[in-house]
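Just so we're clear, the structure is a prediction, and the values are computed from it rather than from any experiment.
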Amino acid sequence: MSVTVKPGQGPGKASGTGAVRAVRTRGGLSLRLDVRAVAVGLVLLALALAAGIALIGSGDYPMTPGEVVATLTGGGDAGQQFIVQDLRLPRVLVGLLVGAAFGVAGAVFQTVTRNPLGSPDVLGFAQGSSVGALAVIVYFQAGTFAVAAGAVVGGVATGLAIFLLAWKGGIHGYRFVLVGIGTSAMLYAMVLYLMTNANIVEATQATTWMTGSLSGRDWDQVWPLAAVCVVCLPLVFFYGRPLRMLEMGDDAAYALGVRVDRVRVVVLLAAVVLVAVATAAAGPIAFVALTAPPLARRLTRSPGPNLVPAALMGAVLLVAADWSSQQIFGADQLPVGVLTGVLGGGYLLWLLATERRAGRI
């Protein structure tokens with residue numbers, strides 16, 4: 001394998017996007033390597049693992065990081081094995097996978113719409129999952145699995161409806177955002193209607209689910225979520241280069257050989273499935289999809305969707321928020337969705353103020 005430096009840059013010389021290198025193998029495969037982005041990704045991966053270990057060690061039966069690692073690698077007594085493997089590890093894995101799914105989905109929506117406000121929280125996909133879950137709770141009084149299935153169906157159906165309404169010879173980012181915002185408003189009205197038709201027990205269950213929480217998650221939530229992530233995340237990563245070209249505009253992307261409509265449809269469908277399944281696993285946790293991509297982009301200082309850093313940033317944000325809520329308010333006293341909503345709301349206000357000062361809104 002040989003490493004050559006991109007023309008116009010000396011070894012280790014930083015530009016606006018950091019030191020960029022072209023890595024070529026003997027077989028002729030060429031890869032573009034952004035050194036800063038790789039370093040940021042490794043740091044975020046380490047933070048995600050550290051936050052996961054800290055979360056496993058939190059709770060009514062605290063454990064040190066050393067005890068957690070020893071138990072995960074086959075050590076520990078029977079009690080520690082039960083607490084880690086059966087009670088806490090599934091919660092952490094759900095948090096990591098949900099955060100990664102929301103981070104990637106947010107990066108896809110923001111790239112396709114070319115709008116920093118383009119995220120599942122704003123465009124109605126989370127509300128669609130909420131309507132599906134609430135309909136199952138109110139009209140069928142079903143259990144956890146059926147509620148999750150209702151959330152998936154509601155999220156996917158909402159995505160398909162928005163695609164059909166926004167399609168006019170292709171999917172245009174601005175039209176997609178407008179249709180999504182209108183759909184979100186209508187779905188929120190349906191959520192309120194369903195809540196008014198629920199009895200006190202159903203309303204309590206619905207409110208708990210809509211808040212978004214990792215409490216009580218087990219392996220039944222981990223495996224379906226992991227299966228979807230294994231399929232959808234690599235699919236989106238595969239289209240990372242065409243997505244980056246879309247940021248230059250449709251005409252430039254067409255000229256470079258990108259099948260614009262095909263790329264948009266594939267990545268948006270994958271993002272919708274990720275959002276629907278993640279919402280089914282943990283509830284509509286707010287603002288992770290909105291905040292993770294721009295935070296990752298600021299750290300990498302690299303243009304484009306930054307899909308892998310956005311996934312890692314989403315995982316870090318969600319697991320760290322869950323750990324923080326336990327440390328500040330006690331174990332399972334404050335659902336993580338409340339904390340992400342408060343922090344994300346502050347970020348949204350800051351983003352709106354920044355966009356206004358720049359004259360973009």
[X] to [Y] - nearest heavy-atom pair and separation:
| X | Y | result |
| --- | --- | --- |
| Cys229 | Ala101 | SG-CB, 4.5 Å |
| Ala51 | Ala320 | CB-N, 4.3 Å |
| Ala321 | Leu339 | O-CD2, 3.3 Å |
| Asn306 | Pro309 | O-CD, 3.3 Å |
| Thr158 | Phe125 | CG2-CA, 4.3 Å |
| Pro305 | Thr111 | CB-OG1, 3.3 Å |

Checking [X] now: which residues fulfil side chain to side chain contact (heavy atoms under 4.5 Å, CB included) with it, not counting sequence neighbours?
| X | answer |
| --- | --- |
| Val236 | Val104, Val108, Ala270, Leu307 |
| Val273 | Val228, Cys232, Val277 |
| Val266 | Leu235, Tyr239, Arg262 |

Is there a donor-acceptor contact under 3.5 Å from the side chain of [X] to the main chain of [Y]?
| X | Y | value |
| --- | --- | --- |
| Arg301 | Arg36 | no |
| Ser129 | Ala151 | yes |
| Gln326 | Trp323 | no |
| Ser184 | Gly180 | no |
| Arg217 | Pro90 | no |

Should side-chain heavy atoms under 4.5 Å link Ile, Leu, Val, Met, Phe, Trp and Tyr, which residues sit in the same cluster as [X]?
| X | answer |
| --- | --- |
| Met210 | Val131, Leu134, Val136, Ile137, Val138, Tyr139, Phe140, Val147, Leu187, Met190, Val191, Tyr193, Leu194, Met195, Trp209 |
| Val231 | none |
| Val153 | none |
| Tyr188 | Leu192 |

### Query
In this structure, are over 12 heavy atoms from other groups packed under 6.0 Å from Leu349 atom CG?
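Enclosed: over 12 neighbouring heavy atoms sit under 6.0 Å from CG of Leu349.
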### Query
Under 6.0 Å from the CH2 atom of Trp223, do we count more than 12 heavy atoms belonging to anything else shown?
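No, not enclosed.
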### Message
Assess the residue pair Ile328 and Leu334 against the criterion (side chain to side chain contact (heavy atoms under 4.5 Å, CB included)); give the C-alpha distance rounded to whole Å, side-chain angles, the decisive distance to 0.1 Å, and a yes or no.
### Response
CA-CA 9 Å; Ile328 298 172; Leu334 182 74; over 6 Å; no
Does one hydrophobic cluster hold both [X] and [Y], with members joined at side-chain heavy-atom distances below 4.5 Å?
| X | Y | answer |
| --- | --- | --- |
| Val275 | Leu160 | yes |
| Val265 | Ile162 | yes |
| Phe238 | Val263 | yes |
| Val84 | Trp219 | yes |
| Leu55 | Leu343 | no |

Do [X] and [Y] have side chains that approach each other closer than 4.5 Å (heavy atoms only, starting at C-beta)?
| X | Y | answer |
| --- | --- | --- |
| Phe102 | Thr279 | yes |
| Thr340 | Leu317 | no |
| Ile83 | Arg88 | yes |
| Tyr61 | Gln80 | yes |

### Task
Output every pair passing salt bridge (charged side-chain N to carboxylate O under 4.0 Å, His left out) with a member in residues 57-79, not counting sequence neighbours, ordered by first then second residue.
none
### Query
With sequence neighbours left out, which residue pairs that include part of residues 309-327 fulfil the salt bridge (charged side-chain N to carboxylate O under 4.0 Å, His left out) condition?
Arg91-Asp322
Measure the spacing between [atom1] of [X] and [atom2] of [Y] and express it to the nearest 0.5 Å.
| X | Y | atom1 | atom2 | result |
| --- | --- | --- | --- | --- |
| Ile56 | Met63 | CD1 | CE | 8.5 Å |
| Leu45 | Leu312 | CG | CG | 6.0 Å |
| Leu243 | Gln110 | CG | CD | 12.0 Å |
| Phe163 | Arg264 | CZ | CZ | 11.5 Å |
| Leu42 | Leu47 | CG | CG | 11.0 Å |
| Leu123 | Phe176 | CG | CZ | 6.0 Å |

### Task
Write out all pairs satisfying side chain to side chain donor-acceptor pair (under 3.5 Å) with one or both partners inside residues 307-321, taking only residues at least two apart or from two chains.
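Output for this query is empty, none listed.
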#### Entry: Leu299 vs Met313, side chain to side chain contact (heavy atoms under 4.5 Å, CB included): CA-CA, chis, key distance, verdict
CA-CA 10 Å; Leu299 290 177; Met313 178 62 74; 3.4 Å; yes
### Message
Between Leu89 and Val222, is the side chain to side chain contact (heavy atoms under 4.5 Å, CB included) condition met? List the steps.
### Response
CA-CA 10 Å; Leu89 182 58; Val222 172; over 6 Å; no
### Audit row: Phe237, Leu233, side chain to side chain contact (heavy atoms under 4.5 Å, CB included) steps and yes/no
CA-CA 6 Å; Phe237 295 157; Leu233 289 180; 4.2 Å; yes
Cut-off 3.5 Å, no hydrogens considered: what does the side-chain donor-acceptor table look like for residues 281-297, sequence neighbours left out?
{"unit_1": "Thr291", "atom_1": "OG1", "unit_2": "Phe287", "atom_2": "O", "d": "2.8"}
{"unit_1": "Arg297", "atom_1": "NE", "unit_2": "Gly304", "atom_2": "O", "d": "3.3"}

### Summary
Those residues at least two apart in sequence (or on a different chain) that pass side chain to side chain donor-acceptor pair (under 3.5 Å) with Gln327 are Ser58
